[in-house]
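Take a look at the following structure, please.
Remember, it's a predicted structure, so these values are computed and weren't measured experimentally. In the text below, chain A, chain B and the rest are named by the order of the sequence lines, each starting its count at 1.
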There are 2 protein chains.
Amino acid sequence: MIKLSARGEKLLKTLIELYISEGQPVGSRTLARHANVQLSPATVRNVMSDLEDLGLIKAPHTSAGRVPTQQGYRFFVDSLLKVRPLNPSSVEEIHERLSAESDPQLLVASASELLSQVTHFAGVVLLPGQHSAKFRQIEFLSLSPERVLTILVTDDGRVQNRVIPTDREYSSSELVEAANFFNDLYGGSSLAEVRKRLLNEMQKDSEEMHRIMKAALSMARSLFEKEEADTDEVLLSGEANLLTVPDLCQIDTLQTLFDAFKAKQDLLDLLDRSMRVNGISIFIGDESGYEALTACSVVTAPYEVDGRLIGTLGVIGPTRMSYEDIIPVVDITARLLSGALSIQHLDRAD
Amino acid sequence: MIKLSARGEKLLKTLIELYISEGQPVGSRTLARHANVQLSPATVRNVMSDLEDLGLIKAPHTSAGRVPTQQGYRFFVDSLLKVRPLNPSSVEEIHERLSAESDPQLLVASASELLSQVTHFAGVVLLPGQHSAKFRQIEFLSLSPERVLTILVTDDGRVQNRVIPTDREYSSSELVEAANFFNDLYGGSSLAEVRKRLLNEMQKDSEEMHRIMKAALSMARSLFEKEEADTDEVLLSGEANLLTVPDLCQIDTLQTLFDAFKAKQDLLDLLDRSMRVNGISIFIGDESGYEALTACSVVTAPYEVDGRLIGTLGVIGPTRMSYEDIIPVVDITARLLSGALSIQHLDRAD
DNA sequence: TTTAGCACTCTATATATAGGAGTGCTACCC
DNA sequence: GGGTAGCACTCCTATATATAGAGTGCTAAA
């Protein structure tokens with residue numbers, strides 16, 4: 001753990017704040033003027049030299065000012081940053097915008113949108129795949145003689161439907177019976193478990209199976225087979241905001257970044273990691289371990305439904321972002337999203 | 001209508017093809033070499049001068065070659081371009097990728113994705129809002145004592161669901177009855193019409209209404225109230241591809257473009273206009289009437305389900321795009337999407 | 001009608017130059 | 001010993017200037 005003198009901390013903090021707001025390397029004169037200390041530039045230079053030796057700041061070239069290094073940002077975020085709570089009117093605005101959406105699926109999408117609009121960077125949300133969700137209810141609905149609409153409701157409030165071709169016509173009472181059967185058998189299990197048990201059932205000799213059971217299984221099968229491929233999902237919005245960020249403004253940097261967004265796998269891993277942590281996570285530069293994000297920082301917070309961690313949301317912006325402002329926004333959004341999801345969450349005890 | 005000599009046409013065609021493939025202004029020497037004519041650069045210069053007078057090409061500055069103007073592209077596309085059918089293996093690939101997706105909603109999304117990947121530009125799809133779709137079936141499903149899941153199926157194969165809080169508990173048979181009532185009453189009407197009639201019904205004194213009818217109306221109401229705001233939707237994918245396009249590579253051009261994508265309204269109008277046209281539409285530069293698209297061309301084709309025009313899809317790329325290659329891709333994709341939607345379209349006659 | 005020749009224009013590239021910002025070092029002061 | 005002033009030095013940036021190359025338009029000749 002790096003230990004700094006009070007003066008060193010003060011100057012480092014000021015330097016980083018200046019660099020965040022101005023985007024230019026900070027020289028000794030500027031720093032001396034802005035830090036509230038009565039020191040000459042020369043003295044400040046000595047301190048800066050020490051900070052450079054510690055690896056907290058560096059000079060892009062011999063005669064420029066200093067800019068924070070990744071470790072500098074890290075120290076700043078860990079030790080120097082005091083995050084003020086977001087002002088109530090902003091909280092209220094976020095709250096309202098999240099309340100406006102009633103569909104849980106669209107709600108997370110609008111949270112991502114919201115983050116990108118408020119922060120002017122890219123908003124991102126991780127929706128974990130169905131496998132972690134619990135099976136809640138399934139219904140079969142006849143659309144036409146040989147097509148059945150299956151509706152799957154999971155305990156995180158999501159509803160999925162798929163049209164499934166059937167081999168024969170089912171009567172409406174058969175479908176209800178099949179659904180009841182299925183709901184009784186699998187209610188409360190996780191989807192992954194349902195899938196496993198389902199595959200097991202299919203192995204058994206179908207002769208001994210009840211007629212309704214066979215019908216239910218055969219219809220559910222294609223639904224759950226589909227699910228297998230279904231993985232976590234990353235929802236990205238406001239990527240275009242990053243076009244305006246001066247630090248990322250070289251087309252090729254943006255290109256790599258956008259390519260990475262397209263692939264999404266890295267983002268997914270990153271967000272998944274951050275879901276394990278309780279509270280805000282901050283990845284500075286390539287701390288995330290992914291090259292494409294070298295010039296970026298990612299601020300995330302998990303959100304939950306009824307105390308169960310469901311996913312992660314966050315903001316992707318330049319390393320040189322105003323952590324002070326971004327952190328509370330992410331924090332509050334995660335809390336409010338958790339709240340909104342819980343309120344409109346389907347009642348748990350039927 | 002502009003009339004050109006055979007030589008003029010030949011040279012213009014070659015010039016545009018060269019410019020599309022190289023991206024550099026084309027000089028008289030280069031043109032003379034590539035056009036298959038035995039003419040000296042000096043002669044070619046004379047012809048080029050004529051073409052410039054006609055407004056088909058222009059020189060970026062005194063001593064550069066010529067580049068096509070918007071009118072030049074227009075003439076090229078209208079009169080000179082011979083579109084070859086797409087090679088069968090590409091057709092097959094597109095076909096396969098569209099066949100892989102069974103959910104109609106995801107199908108159009110994957111068509112957009114497909115377009116952007118194949119062309120390396122941005123793919124775009126217009127999904128017209130529900131109001132044009134016809135009401136097909138509604139179902140109510142009890143999730144918990146005070147929450148009902150309403151499922152709305154429209155005749156273009158889309159399924160929507162919404163969780164609706166209710167004032168009291170409904171029995172499962174009540175719900176079935178309500179759905180039947182509703183389906184009988186409104187089946188086959190357009191959603192807009194259903195909405196209108198619904199609002200009318202609500203006006204009537206509720207005393208005289210049947211109990212089931214009241215229940216059905218009250219549940220459907222919130223569903224259809226929601227629909228009102230629901231407008232057409234534009235689905236954009238592969239915007240990031242445009243980062244690599246040299247013509248658009250100035251950050252500020254991209255910025256305007258991405259901003260426009262965010263607003264989407266212009267795109268929506270554009271696609272909506274092109275839906276009225278049968279077959280391929282091509283908007284070159286600001287022919288679309290939207291400033292943001294000045295440096296772009298948009299190639300679109302409508303797609304249909306069972307003979308009814310449903311939406312439009314297309315590609316947004318630089319004006320300097322290979323129309324020869326893009327047009328057949330858009331054309332085929334629209335056809336195949338139409339096919340895929342029709343096949344998996346719910347049977348019309350129940 | 002076509003072509004060769006030529007002067008001219010404009011761009012892009014390389015090079016030189018000056019100015020400025022900021023540093024590190026040294027010597028000096030309290 | 002910590003703080004400060006002074007100064008030479010470095011490196012970046014911006015501005016001019018020269019040069020080469022590409023391509024044109026025009027004229028005159030085949």
Fill in: Rounded distance (Å) that lies between atom P of dG23(D) and atom CG of L31(B)
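My rounded result for the distance is 11 Å.
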Item to complete: Side-chain contact test, heavy atoms from C-beta onward, threshold under 4.5 Å: evaluate it for I20(B) versus R320(B) and give yes or no.
Response: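 The answer is yes; the side chains approach within 4.5 Å.
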Worksheet entry | Identified salt bridge (charged side-chain N to carboxylate O under 4.0 Å, His left out) counterpart of E324(A) within the set R84(A), K13(A), K82(A) |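 The option that passes is R84(A).
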Discussion item. Counting C-beta onward and ignoring hydrogens, is there a side-chain heavy-atom pair between L235(A) and V124(A) closer than 4.5 Å?
Written reply: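 L235(A) does not reach V124(A) side chain to side chain.
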Worksheet item: Parallel, tilted or perpendicular: which describes the rings of Y323(A) and Y73(A), with under 30° parallel and over 60° perpendicular?
Response: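 Plane angle between 30° and 60°, so tilted.
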With a 3.5 Å cut-off and sequence neighbours excluded, list the donor-acceptor pairs that the side chains of residues 35-42 of chain B form with protein atoms.
from	atom 1	to	atom 2	distance (Å)
S40(B)	OG	A42(B)	N	3.4
S40(B)	OG	T43(B)	N	3.3
S40(B)	OG	T43(B)	OG1	3.1

Worksheet item: Atom CE of M48(B) to atom P of dG23(D): distance rounded to whole Å?
Response: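 That distance rounds to 9 Å.
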Worksheet entry | chain B contact limits on DNA chain C, taken 5' to 3' with a cut-off of 4.0 angstrom to heavy atoms |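 Under 4.0 Å from chain B, the extent on DNA chain C is dT2(C) to dT11(C).
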Practice prompt. Output the distance between atom CD (E291(A)) and atom CG (D286(A)), rounded to the nearest 0.5 Å.
Written response: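 Reported to 0.5 Å precision, the distance equals 8.5 Å.
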Practice prompt. With the side chain counted from C-beta on, respond yes when F75(A) and L4(A) share a heavy-atom pair under 4.5 Å apart, and no when they do not.
Written response: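 Yes, their side chains come closer than 4.5 Å.
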Taking only N/O atoms, report every protein-nucleotides 26-28 of chain D pair under 3.5 Å with atom names and distance.
none

Worksheet entry | Comparing R7(B) and P60(B) on DNA chain C - which has the more 5′ nearest nucleotide |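 Checking each residue's closest nucleotide, the 5'-ward one belongs to R7(B).
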Worksheet item: Reckon T62(A) touches a base, only the sugar-phosphate, or nothing at all at heavy-atom distances under 4.0 Å?
Response: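 Contact class for T62(A): sugar-phosphate only.
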Discussion item. What is the distance, to the nearest angstrom, from the CG atom on L39(A) to the C1' atom on dA5(D)?
Written reply: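 My rounded result for the distance is 14 Å.
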Worksheet item: Can you list the steps and then say if D259(B) with T256(B) is a side-chain hydrogen bond (donor to acceptor under 3.5 Å, both in side chains)?
Response: CA-CA 5 Å; D259(B) 283 351; T256(B) 344; over 6 Å; no
Discussion item. Base, sugar-phosphate or nothing for S63(A)? Non-hydrogen atoms, less than 4.0 Å.
Written reply: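 Base contact - S63(A) has a heavy atom under 4.0 Å of at least one base atom.
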